[in-house]
Amino acid sequence: MIVMIQKPRGTRDFFPDELEARRDSEETMRRAVSRWGYREVATPEFENLELFTLRSGEGIIEEMYAFQDKGGRDIALRPELTAPVLRMYVNEAKVLNKPVRWFYFGDCFRYERPQKGRYRQFWQFGIELIGADTSSADAEVIAVGYDLLRSAGVRFELRVGHLAMMKSLIVDLEVDIQKKVRGCLDKRDYGALHEVLPDTGRADQLTALIESKNLDDAFAITGAIPEEERIRETFAILDAHEVPYIQNFGIARGLDYYTGCVFEAFAENLGAENQIMGGGGYRLAHLFGGEDTPSCGFAIGFDRVMVSRGEESPRRPVTVAVVATPEGRIDSIRVASAFRKAGVRTITDLLGKSLSAQLSQAAKHADYVAVIGKREVEEGMITLRDLSTGEQKQLTIEDAVAGVVGIGVS
RNA sequence: GCUAGGGUAGGGUAGCUGGUCAUCCUAUAGGACUGUGGAUCCUUUGACCCGGGUUCGAGUCCCGGCCCUGGCCCCA
């Protein structure tokens with residue numbers, strides 16, 4: 001027996017029902033960011049490997065689809081889209097009027113162990129706001145993220161923080177200790193924190209900072225820091241945007257290039273992989289040969305959005321099945337064309353089935369049936385049956401089309 | 001990379017204390033009902049993930065692999 005070829009690990013096929021639901025969500029999200037003036041860009045599916053190692057270090061090669069092409073170039077399927085978009089900006093868009101508001105939607109590839117909400121090919125939807133280094137910019141990006149997730153129908157919790165708060169308490173420590181401390185705080189693992197940080201007083205200070213519920217409490221712990229005004233403004237503008245969020249100065253994000261505000265969103269009904277959005281302010285452009293340009297952005301895990309939304313049967317567009325007896329076959333082509341010209345999804349029998357068999361098929365796929373048989377041909381009419389009510393009428397083609405379109409619109 | 005559970009027709013399942021043509025639902029294809037039909041009836045198609053081992057005999061037990069679903073790690 002021949003072994004059937006299977007799809008590669010961590011990839012998925014999408015049937016029409018699921019794909020239509022995904023397209024619905026995509027369009028909803030595109031419309032949401034458009035309302036904020038963000039415009040879509042697209043970059044290659046693969047890039048020079050160096051683009052990603054410059055950003056994230058050599059270690060990530062292990063988690064990428066990296067290979068040499070036939071010309072011996074080191075290539076990687078893109079594992080994320082922030083670096084490609086910033087590369088695009090540096091290559092071709094430095095002279096654009098600032099700020100630049102871009103969004104992207106595309107598939108990415110990571111060689112990781114698949115689990116719920118984590119695949120080897122997955123889709124990210126994100127925005128990058130380039131060239132605006134203000135509290136208004138930070139707040140706008142967060143507000144767009146909130147708007148986007150909410151319009152997509154996700155239930156989630158938004159957490160907002162700023163790296164300067166934690167940094168001010170650990171800046172004098174050795175770099176690798178800092179990294180461990182940030183890891184502990186990100187996970188709120190205070191037990192591990194005390195192991196990493198023998199200085200109990202400082203560990204308690206950090207714990208209090210993470211647990212603080214308002215800015216006054218937080219600044220009471222850190223004391224005056226240069227970023228205080230920026231942080232207070234950002235939170236105030238967020239309030240003005242009416243974005244509900246939870247203050248969390250423990251958010252560390254994985255990477256060092258984040259510079260200021262950081263935020264994450266967690267979906268309520270996902271499993272271990274429940275982070276649905278992550279982002280913050282960063283500086284990347286200079287790594288790719290551009291000027292040091294402050295940017296802020298986020299990425300949303302689109303597949304997790306779909307999981308979080310759960311089962312929603314997408315509404316099928318109104319569908320007409322044209323069925324015909326042999327005498328009506330030729331006329332039925334003209335009838336089908338008339339419906340299609342009016343924008344109605346119309347299907348016809350291709351297999352030469354009997355009338356009753358055609359009607360059985362129609363009942364599975366359509367909302368209306370247009371019958372064209374000997375009688376209809378002779379009278380120049382068609383019989384239109386509404387499958388939801390069982391009612392049917394003898395109509396001219398024009399009236400039948402108008403009836404379906406009219407009902408379809410309402 | 002670590003770990004738990006699991007893979008039986010296209011989908012969903014029974015069998016799993018080794019032993020008749022592997023169960024049922026659905027789906028598919030064909031037919032009956034020959035212009036109001038989504039029904040019903042008859043028939044058809046179609047599966048034990050792959051490889052090895054134990055055994056007279058393996059869907060069933062053992063080992064390895066592949067894949068799936070969770071949980072760690074990681075998460076750009």
Side-chain angles (χ1 to χ4, degrees), chain A residues 1-13 15 17 47 51-64 76-86 108-120 122 124 126 183 186-187 189 252-258 262 264 266 270-280 282 284 287 297-299 301 304 307 321 323-328 349 351-378 382-394:
Chain A
M1 172 185 161
I2 296 169
V3 177
M4 212 185 292
I5 303 289
Q6 303 292 340
K7 63 186 180 297
R9 184 164 161 79
T11 63
R12 290 158 293 163
D13 297 317
F15 279 87
D17 279 351
E47 295 268 3
L51 176 65
F52 303 110
T53 55
L54 272 176
R55 182 198 186 197
S56 310
E58 298 287 328
I60 61 162
I61 294 177
E62 293 303 311
E63 291 163 8
M64 276 197 284
L77 300 184
R78 59 188 183 195
E80 50 96 23
L81 277 157
T82 296
V85 168
L86 265 289
C108 302
F109 304 85
R110 295 184 191 176
Y111 192 81
E112 294 184 294
R113 176 85 164 73
Q115 52 185 277
K116 183 171 184 155
R118 175 188 278 190
Y119 305 95
R120 289 184 170 181
F122 59 99
Q124 283 197 336
D186 203 32
K187 294 194 192 82
D189 186 345
R253 305 293 298 148
L255 289 183
D256 297 331
Y257 64 77
Y258 281 104
V262 285
E264 299 172 331
F266 295 84
L270 287 169
E273 299 291 315
N274 65 338
Q275 188 181 335
I276 201 161
M277 173 176 78
Y282 60 89
L284 268 182
L287 283 179
F298 62 75
R304 294 180 191 176
V307 173
V323 308
T325 62
E327 300 90 344
D349 172 58
L351 300 175
K353 289 185 183 240
S354 69
L355 189 65
S356 68
Q358 290 185 54
L359 288 161
S360 297
Q361 289 288 315
K364 290 173 190 165
H365 302 293
D367 304 294
Y368 295 90
V369 174
V371 182
I372 294 92
K374 193 178 172 191
R375 292 203 298 264
E376 285 81 3
V377 172
E378 286 167 355
I382 68 174
T383 299
L384 183 71
R385 180 178 172 85
D386 181 338
L387 285 169
S388 60
T389 63
E391 292 174 18
Q392 64 179 37
K393 298 173 193 163
Q394 292 269 114

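If you're wondering where the values come from, they're calculated on a predicted model, not measured in any experiment. In what follows, every chain begins at residue 1, and chains take the letters A, B, ... in the order their sequences are listed.
Pairing partner, B:C67: B:G6, with both Watson-Crick or wobble hydrogen-bond distances short of 3.5 Å.
Of the two residues near RNA chain B, A:G117 and A:M64, the one whose nearest nucleotide lies more 5' is A:G117.
Counting heavy-atom neighbours within 6.0 Å of A:Y111 OH, excluding the residue itself, gives a total of 12 or less.
Atom P of nucleotide B:U3 and atom CZ of A:R113 are separated by 11 Å, given to the nearest angstrom. If you take CZ of A:R110 and C1' of B:G1, they are 17 Å apart, rounded to a whole angstrom. Across the protein-nucleic acid pair, A:E112 atom CD and B:A76 atom C1' stand 9 Å apart, rounded to whole Å. Per the geometry, OH belonging to A:Y111 stands 16 Å off C1' belonging to B:C73, to the nearest Å. Whole-Å rounding puts the A:E264 CD to B:A76 C1' distance at 13 Å. Note: CZ (A:R118) to P (B:C72) measures 11 Å, nearest angstrom. We find that NZ of A:K187 is positioned 11 Å from P of B:C72, with the value rounded to whole Å. Straight-line distance from the CD atom of A:Q115 to the C1' atom of B:G5: 15 Å, rounded to whole Å.
Rounding to the nearest 0.5 Å gives a distance of 8.5 Å between CZ of A:R120 and CZ of A:R113.
A cation-pi geometry, defined here as NZ or CZ lying under 6.0 Å from the six-membered ring centre and within 45° of its normal, does not hold between A:R78 and A:F109.
The residue A:K353 sits close only to the backbone: its heavy atoms come under 4.0 Å of sugar-phosphate atoms, none of a base. At the heavy-atom level, A:G328 lies nowhere under 4.0 Å from the strands shown. As judged by a 4.0 angstrom heavy-atom cut-off over every strand, A:Q361 is placed among residues making no nucleic acid contact.
Between A:Y119 and the options A:R12, A:E112, A:R110, a side chain to side chain contact (heavy atoms under 4.5 Å, CB included) holds for only A:R12.
Using C1' as the reference atom, B:U28 and B:A47 are 15 Å apart when rounded to the nearest Å. Distance noted for atom C1' between B:A22 and B:A58: 13 Å (whole Å). Rounded to the nearest Å, the gap between the P atom of B:C67 and that of B:U17 is 28 Å. With both ends at atom P, the span from B:G7 to B:C75 equals 34 Å, rounded to whole Å. Here the separation of B:G35 from B:C42, taken at their P atoms, is 24 Å to the nearest Å.
With hydrogens and angles left out, the side-chain atoms of A:T383 and A:Q392 include no donor and acceptor closer than 3.5 Å.
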- prompt: Reading nucleotides 31-39 of chain B from the 5' end, what letters show protein touch, with B for base, S for backbone sugar-phosphate only, - for no heavy atom under 4.0 Å?
  reply: --B-BBBB-
message: Run A:D367 and A:D386 through side chain to side chain contact (heavy atoms under 4.5 Å, CB included) and show every step you take.
response: CA-CA 6 Å; A:D367 304 294; A:D386 181 338; 5.9 Å; no
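A:S356 meets the side chain to side chain contact (heavy atoms under 4.5 Å, CB included) test with A:S354; sequence neighbours excluded.
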